[in-house]
J.: 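Following this message is one structure expressed as structure tokens.
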Amino acid sequence: MYSYPYDAVLFDLDGTLTNSEQGIIQSMLYALEQVGAKVPAGVNMRCVIGPPLMESLMGILGLPCEQAREAIGHYSRHFNREGMYQYTVYPHIRSILQMLRDGGVYVALATSKPVLPAMAVLNHFGLTHFFNRIITEEDNEKIVNKPELIRRALPERFGHAAMVGDRFYDVEGALQNHIDAIGAGYGFGTEDELLKAGATHVVPDTEALRAFLCPGATVPRGFFLSVEGLDGSGKTTQVDRLEKSLKEYGFSVLRTREPGGCPISEEIRHTILTTEHMEMCAPCEALLYAAARAQHVCEVIRPAVERGMLVLCDRFVDSSIAYQGGGRELGTDVVRQINAPAVGEMLPDATVYLNVDYRQALSRRHSASSLDRIEVESGEFHARVQAAYEELIHNDPKRFLVIDGQQDADTVAADVLDAVLNRLEPEIED
Ligand code: TYD
């Protein structure tokens, strides 16, 4: 069986698991403004990320104790309202935590953040379930030092443990507990700071962190997510928003589209969609979509899923079944057969369907500037496409995440994200 170098790994939060730069700095600037204080000349605001708040306010920003206390109240209010939502999870972190857990490694969090904001961030990003133990400060005033937080986060018994953190506090805390200190060089401290403090090893990015903590382990298979809908369902906008949100959650997203997604398939896309080819017959069209798909699956989708990526694909084989099978009336079975060699086993793990009635989709399309050869088709054509999609959904209700696409764009985006997160990690509570 594969064995990991450490049987217990502790992580710091800000600058190690999450990029909290904007969230923390903006909340701090707000707090300073509220108490009428200014950033002292020569102070880089990134220095306030990592230390406990009182220490940053008094030690780094030079506020007297009373003013610092008052500033903390303003900071917390701003953080809960806005700051927390400006966080992002670093790429690969989710897969590192998952791999360690799957490998039976004890995983804990040791952060100087007080319990409420720390838990709010962990819950918001659905990270809580990865940890065997979570140790935080109790509040902003009762400051326990980092070595003590690390001591509490360690399991009763362990063979070889490490603390991963981005500041010298984390390194010193680890060394005082006689465990390895791994410097997160991509965080808010410098490599120099980490090495001077005695880091056992410094990693430049989270990919290197994964290689260090899980050397030689196979990255778990990724996820294949497709998005479908009629022309005019708002699909492109929603795929943009979903891509952005999933990246903020730390998923390694590869965004692609059909027809297209790689040079050969993009060329085929042009051939299919140009209005210069109005004479193209339905079987030719169906075969070209399948040909573009074959190359796309082989060159992009399959390798990415095997590398552990979340492939977010704007349309896939369901589009062919709906448009060529239904719209062009070639029949679902014929289209499935044509696509069998292109798709192989590579069916989406989940498919978002933006449900917009074809009549509404049609009126939205009329406001678009230039329409392609499929979009210029009649209302009856799009009605048949819709009916074919409905049949697909009816026959495979588990795979489809049907979202009401007639709501305003923000509500649709929130519903799509909720449904997708639920499918990716049902443990995410938001
Ligand atoms: P899309 O890229 O969604 O259009 P746009 O970016 O212009 O909004 O899709 C291009 C068109 O191709 C669209 O009308 C649907 C059609 N299509 C099929 O008919 N069959 C297929 O297999 C695919 C993938 C798309």
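Each ligand, and each atom within it, is numbered from 1 in the order the structure gives. Computed over heavy atoms, backbone and side chain alike; hydrogens, waters and symmetry mates excluded.
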J.: Could you tabulate the donor-acceptor pairs under 3.5 Å formed by side-chain atoms of residues 278-289, not counting sequence neighbours?
T.:
residue : atom : partner : partner atom : Å
Glu285  : OE1  : Arg328  : NE           : 3.1
Glu285  : OE1  : Arg328  : NH2          : 2.8
Glu285  : OE1  : Arg373  : NH1          : 3.2
Glu285  : OE1  : Arg373  : NH2          : 2.9
Glu285  : OE2  : Gln324  : NE2          : 2.6
Glu285  : OE2  : Arg328  : NE           : 3.0

J.: Looking only at heavy atoms, is any part of His296 under 4.0 Å from ligand 1, and if so is it the side chain, the backbone, or both, or is it neither?
T.: neither

J.: With backbone taken as N, CA, C and O and side chain as the heavy atoms from C-beta onward, which portion of Glu285 lies under 4.0 Å from ligand 1: side chain, backbone, both, or neither?
T.: neither

J.: Do Glu55 and Tyr169 get their side chains close enough for a donor-acceptor pair, meaning under 3.5 Å?
T.: yes

J.: Determine whether the side chain, the backbone, both or neither of Asp372 has a heavy atom under 4.0 Å from any heavy atom of ligand 1.
T.: side chain

J.: Per the side-chain hydrogen bond (donor to acceptor under 3.5 Å, both in side chains) rule, which among Arg293, Glu258, Glu228 passes with Ser319?
T.: Glu228

J.: Between Asp231 and ligand 1, does any nitrogen or oxygen pair lie at a separation below 3.5 Å?
T.: yes

J.: Quick one: does ligand 1 sit under 4.0 Å from the side chain of Gln324, the backbone, both or neither, non-hydrogen atoms only?
T.: side chain

J.: With only distance considered, is Thr236 within less than 3.5 Å of ligand 1 through an N or O on each side?
T.: no

J.: Output the distance between atom CD1 (Ile393) and atom CG (Asn355), rounded to the nearest 0.5 Å.
T.: 6.5 Å

J.: With a 4.0 Å cut-off, would you call Arg241 and Asp410 a salt bridge?
T.: yes

J.: Go through the steps to decide whether Tyr85 and Phe79 satisfy the test ring pair (Phe, Tyr, Trp, His ring centres under 6.0 Å), and finish with yes or no.
T.: CA-CA 8 Å; Tyr85 301 100; Phe79 184 84; 8.9 Å; no

J.: Report yes if Asp314 has an N/O atom closer than 3.5 Å to an N/O atom of ligand 1; otherwise report no.
T.: no

J.: Which atoms of ligand 1 have any heavy atom of Lys235 under 4.0 Å away?
T.: 3 (O)

J.: Got the closest protein heavy atom to atom 17 (N) of ligand 1, with its distance?
T.: Tyr289 OH, 3.1 Å

J.: To which of Arg373, Arg293, Arg269 does the heavy atom nearest atom 2 (O) of ligand 1 belong?
T.: Arg269

J.: Does one side chain, of Asp408 or Thr411, offer a donor that lies under 3.5 Å from an acceptor on the other?
T.: yes

